[in-house]
Amino acid sequence: MGAPIGLDLSDLKVRVIAPTLALIGMGGPAAVNLLAGTALAESGCRRLVQDGGGPALGLWQMEPFTHDDIWTTFLPDGRMGVLVGRLLSTRGNWPPAAGQLTGNAFYACAMARLKYYRAPDPLPAADDAAGMCDMWKRIYNTSLGAGTADSTHVALFQQAIEA
């Protein structure tokens, strides 16, 4: 049996995460590594829907409620909404709203970054895997999520830093 099939993490960082975060003005090495580690921790960079039929969608496994809340409470007006809106599919209304999280990696990445941005915490240093893992658990996965800030997850963030 071979290794699990998934996206190349370096490609994801260079071709999706970095340009997306640059477009919305929230980039830099720490943010890129945090989003790469989050994709690894949430989906292993290989799942577009949650294992077991849960509601989470896309590489960053964002739940539709979280997606909709960001649009309702954070992006209704202003520059950021316009920038994130540019990342939406140009195929009309398909798929609608949170459905974009599964097929539009640029958009899903931007929404994941906004989830972190709404929290007042500063980003950890670009090479701080433990700090990134802790931030992921507290802000992204939350106390209700199944993830843990253990050595296995810290190793995923270290892998993201090294990619």
Set out, in order, the CA-CA distance, both residues' side-chain angles and the distance that settles side-chain contact (heavy atoms from CB on, under 4.5 Å) for Tyr140 and Glu42, then state yes or no. CA-CA 10 Å; Tyr140 200 90; Glu42 291 289 331; 3.6 Å; yes

Quick one, Lys13 with Asn33, criterion side-chain contact (heavy atoms from CB on, under 4.5 Å). Give me CA distance, side-chain angles, the key distance, then yes/no. CA-CA 8 Å; Lys13 285 174 70 170; Asn33 290 341; 2.7 Å; yes

For [X] and [Y], which heavy atoms make the closest approach, and how far apart are they?
X     : Y      : value
Ala18 : Val32  : CA-CG2, 3.9 Å
Leu21 : Cys109 : CD2-SG, 4.1 Å
Ser10 : Ala163 : OG-C, 3.4 Å
Leu35 : Ala112 : CD1-CB, 3.5 Å

When the ring planes of Trp136 and Phe157 are compared, do they come out parallel, tilted or perpendicular, using 30° and 60° as the limits?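 Geometry flag for Phe157 against Trp136: tilted rings.
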
Taking side chain as C-beta onward, heavy atoms only, is [X] less than 4.5 Å from [Y]?
X      : Y     : result
Thr38  : Leu59 : no
Lys115 : Trp60 : no
Ile70  : Met62 : yes

Please tabulate, for the side chains in residues 117-127, all donor-acceptor contacts under 3.5 angstrom to protein atoms that are two or more places apart in sequence or on a different chain.
residue	atom	partner	partner atom	Å
Arg118	NH1	Asp69	OD2	3.1
Arg118	NH1	Thr73	OG1	2.8
Arg118	NH2	Asp69	OD2	2.8
Asp121	OD2	Arg138	NH1	2.6
Asp121	OD2	Arg138	NH2	3.2

Partners passing salt bridge (charged side-chain N to carboxylate O under 4.0 Å, His left out) against [X] (at least two apart in sequence or in another chain):
X      : result
Arg15  : Asp11
Asp8   : none
Asp150 : none

Going by the rule ring pair (Phe, Tyr, Trp, His ring centres under 6.0 Å), which residues pair with Phe106 if we only count those two or more places apart in sequence or in a different chain?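 None.
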
As an exercise, state the distance from CD of Gln159 to SG of Cys45, rounded to the nearest 0.5 Å.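 Reported to 0.5 Å precision, the distance equals 8.0 Å.
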
Supply the atom-to-atom distance Met132 CE to Leu156 CG, rounded to the nearest 0.5 angstrom.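 One gets 13.0 Å once the value is rounded to the nearest 0.5 Å.
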
Hey, any chance Met111 and Ile24 share a hydrophobic cluster, counting ILVMFWY side chains that come within less than 4.5 Å of each other, even indirectly?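 As far as the 4.5 Å side-chain criterion goes, Ile24 and Met111 are connected within one cluster.
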
Under the side-chain contact (heavy atoms from CB on, under 4.5 Å) test, residues paired with Ala149 that sit two or more places apart: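 Per chain and number, Ala149 pairs via side-chain contact (heavy atoms from CB on, under 4.5 Å) with Cys133, Lys137.
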
Of Thr102, Thr66, Leu48, which is the lone residue that meets side chain to side chain contact (heavy atoms under 4.5 Å, CB included) with Leu57?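 Result: among Thr102, Thr66, Leu48, Thr102 is the only option passing the side chain to side chain contact (heavy atoms under 4.5 Å, CB included) with Leu57.
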
Will you find, in the side chains of Tyr107 and Thr20, an N or O donor that is under 3.5 Å from an N or O acceptor?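 Note: Tyr107 and Thr20 side chains miss the donor-acceptor criterion.
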
